[in-house]
Amino acid sequence: MVVTMQAGLIGEDPRVIAVVQKAQRYGLRPDVKSEVGGQTTITQVFMRDGDPKTRGVKACTVADHIFRPMEGVDTVQRLTPPKVSLTQNGTDYHRVKIGSVEIGTSLPCRLVMGPCTVDQHVESVLGALGDKGIRHLRGGCWKPRSSPHSFPGFGERAVLSLLKAARNLNAESVFIEVIESSHIDVVRYARNQAGYSGTIVLWVGARTVNTILLRTLGAQTEFPVMIKNGVDDLGISGLYDKAEWVLAGAKEWTGEGQLVVEESLKPGNSALILCLRGTRQTDNLSPWRFIPNHHWAELLRARCWAPVAIDPSHSAGTMENDLVIRNAEEALRHDPSLLMVEGGYPANGYDGFTGLCDQAQMVPIDRVDQLIGMVRQHNKARYGLDVF
Ligand code: PEP
Ligand code: MN
C-alpha cells in the first residue's frame, strides 16, 4: 500500500508524520520517500508489512479508509490485492453517511422505521411515519421466507413504490433488503425512475448466504451495505466472514484460475454496517421469537471499526406485553448506531390489515412517539444532542 501525499508536502510535514504514526499504531512499517524536484516535492509513504515478532500486520489487511480521509493525503494505492478484515482497526471507528447524517460508534443513534414488507398501503404507512418525523425508512421488497408457500414480496414493483414514497417524503435514507446480485441493478433503475436522491442502504438478511451477492455489493460504492447476523450464527465471527467478502472488492481470475493482480487491487466497499437481529430460538416455550444478541455490540466495538445497528423487532417477534418496545429500550443500553424497527400501521390496521409479514411485531403508529422519545432521551443523555 502506498499513501501519496498532496504535492508540495515534505517528509517532515506534520501531516506526513501523522500518517507515519498511524501506520505504526496499526503494526505496519512505514517508509517515507520524497522526490524533490524543481517545481514541487512528492512524498509517498510505503506501507511495508510489520514484523510478526512484534505483532506487526500485513499491509494488505489494513483498510484504505484508515489513511484516505487524513489531512494531506492525496491517494491510497494498492500494490497487492486487499485482504481486509474487520479486525484491523479497534480504535479508529469508521463513519457511514446516510442522507445528511453520519452514523458510527460514538455518534448518536438514528431510528429507522417502516413495514416488514412493502404492500399496497406503503404510501400511507411511510407518510404516517414521516408525519411523526421519521427520516430513515425501511421496507422489504424481496423476502427470503422459510417456506416456499409464504408470500415472497412484490419485488421490483415494491422497490419503485417504496422509493417514490421516500422521494415524496424527502427521506434521508431508505433501507432495502437484497437477496441476489441482480437486485442491485433493479434498485438502481427504480431509484432513477422514482427520482429518489437520498441514500439507499442495501442490506443482506439473516437468512441469506450468498457470497456472489456479498462480492457484488463490495465491488460498488454507490450503496452502503448492512449485514445482519445469520439466524444460526453462534458469535460475531459469522459477521466478520461475510464482511470480508464486501471488503475484498472485485477480483479477476485468469483462465488458469490465477488471480490477475493488477485488476484486483481496488478496495471493496467499507461503507459497511453490522446489524444484530437475534439468533435462533431454541426454547419453544419462550415468548421471544429469536434470542436477542444485543451484547454482541460491545464485542464488535472492542475489535472492529464498522457501525453496529440493532433490530429489536425480529428477536421480540410480538408487541404482546410491549415486547418490541421493551426490547428496543434494552437495545439502546448497548448504544447502537441505528435502531431498525418494523411498524407504522394504524393500531386497528387499514380495515384490519396490518401488513403481509411479521404482523405481530409491528409497532403501531400511535406508539411511535414513545420510541422516538426513547431514542431522543438516549442521544441527549449520551451525546448531548436532541436528535433521532
Ligand atoms: C426483515 O428485516 O424484515 C428481515 C427479514 O430480517 P431478518 O433477515 O433479520 O430476518
Ligand atoms: Mn420482518
Side-chain angles (χ1 to χ4, degrees), residues 110-119 121-122 125-126 129 134 136-148 150-155 158-159 162 173-180 183 187 200-210 213-214 217 224-234 236 238-239 242-243 246 272-281 288-294 296-297 300 308-319 323-325 327-328 331 336 338-345 349 353-364 371:
R110 305 289 165 166
L111 182 58
V112 182
M113 284 200 74
C116 176
T117 308
V118 171
D119 58 42
H121 295 290
V122 67
V125 172
L126 297 187
L129 289 167
I134 300 289
H136 305 279
L137 303 170
R138 61 151 283 153
C141 302
W142 295 278
K143 305 301 297 178
R145 304 302 297 267
S146 20
S147 162
S150 306
F151 173 69
F154 288 117
V159 182
L162 175 64
S173 72
V174 181
F175 287 63
I176 302 175
E177 176 170 5
V178 285
I179 300 175
E180 58 163 66
H183 294 166
V187 170
I200 299 174
V201 179
L202 299 180
W203 98 71
V204 179
R207 286 182 181 77
T208 302
V209 182
N210 181 344
L213 169 64
L214 291 169
L217 288 168
V225 175
M226 185 169 88
I227 302 177
K228 285 186 155 194
N229 72 265
V231 173
D232 290 308
D233 281 358
L234 298 175
I236 59 173
L239 280 164
K242 284 185 181 154
V246 178
L272 185 67
I273 304 164
L274 308 173
C275 180
L276 306 176
R277 53 80 72 207
T279 57
R280 192 176 296 283
Q281 181 55 271
W288 297 80
R289 187 174 171 201
F290 293 90
I291 301 171
N293 57 346
H294 305 168
W296 292 10
L300 288 166
V308 180
I310 297 184
D311 157 6
S313 289
H314 289 82
S315 54
T318 176
M319 269 300 282
L323 210 54
V324 173
I325 306 241
N327 203 27
L338 284 180
L339 197 63
M340 186 194 256
V341 183
E342 290 185 341
Y345 295 85
F353 177 89
T354 51
L356 291 163
C357 273
D358 291 351
Q359 294 91 337
Q361 69 197 36
M362 291 299 131
V363 172
L371 266 181

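Because only heavy atoms are used, hydrogens play no part in the values below, and waters and symmetry mates are left out as well, while side chains stay in. Read the numbers this way: they start at 1 and go in the same order the structure lists the ligands and their atoms. Small disclaimer: the values here were computed from a predicted structure and weren't measured. Counting begins at 1 with the first residue of the sequence.
- By the criterion of a heavy-atom distance under 4.0 Å, the side chain of Trp203, and not its backbone, is placed next to ligand 1.
- Near Cys116, meaning under 4.0 Å from any of its heavy atoms, are these atoms of ligand 1: 3 (O).
- Every atom of ligand 1 with a heavy atom of Lys143 under 4.0 Å away is listed here by number and element: 1 (C), 3 (O), 5 (C).
- The nearest protein atom to atom 8 (O) of ligand 1, hydrogens excluded, is given as Ala206 N, 2.7 Å; this is a heavy-atom distance.
- Residue Arg207 has at least one heavy-atom neighbour below 4.0 Å for each of these atoms of ligand 1: 10 (O).
- Of the options Glu177, Arg277, His314, the smallest heavy-atom separation from atom 10 (O) of ligand 1 is shown by Arg277.
- The environment of Ile291 atom CD1 is dense: over 12 non-hydrogen atoms of other residues, nucleotides or ligands sit within 6.0 angstrom.
- Arg138 places no side-chain N or O within donor-acceptor distance of the main-chain N or O of Ile176, the cut-off being under 3.5 Å.
- The aromatic rings of Phe353 and His121 are tilted relative to each other, their planes meeting at an angle between 30° and 60°.
- Distance alone, capped at 3.5 Å, places no donor-acceptor pair between the Arg207 side chain and the Gly230 backbone.
- The only option from Thr117, Val118, Leu356, Ile179 that meets the side-chain contact (heavy atoms from CB on, under 4.5 Å) definition with Lys143 turns out to be Thr117.
- By the criterion of a heavy-atom distance under 4.0 Å, the side chain of Glu342, and not its backbone, is placed next to ligand 1.
- Close approach to Arg138 involves these atoms of ligand 1, each under 4.0 Å from a residue heavy atom: 1 (C), 2 (O), 3 (O).
- The OD2 atom of Asp358, the Mn ion (ligand 2) and the OE2 atom of Glu342 define an angle of 130° (nearest 10 degrees).
- Under 2.8 Å from the Mn ion (ligand 2) lies an N/O/S atom of Cys116, whether from backbone or side chain.
- When all heavy atoms are compared, the tightest approach of Trp288 to Leu323 is CZ2-CD1, 3.6 Å.
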* Asked: Should Asp358 and Arg289 be marked as a salt bridge (Lys or Arg N to Asp or Glu O under 4.0 Å) after you check the CA-CA gap, both sets of side-chain angles, and the distance that decides it?
  -> CA-CA 11 Å; Asp358 291 351; Arg289 187 174 171 201; 3.1 Å; yes

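- Checking His314 against Glu342 by side-chain atom types alone, a donor-acceptor pair falls below 3.5 Å.
- Nearest to atom 6 (O) of ligand 1 among the protein's heavy atoms is Lys228 NZ, 2.9 Å.
- For ligand 1, the atoms sitting less than 4.0 Å from at least one non-hydrogen atom of Gly205 are 8 (O), numbered in the order shown with element in parentheses.
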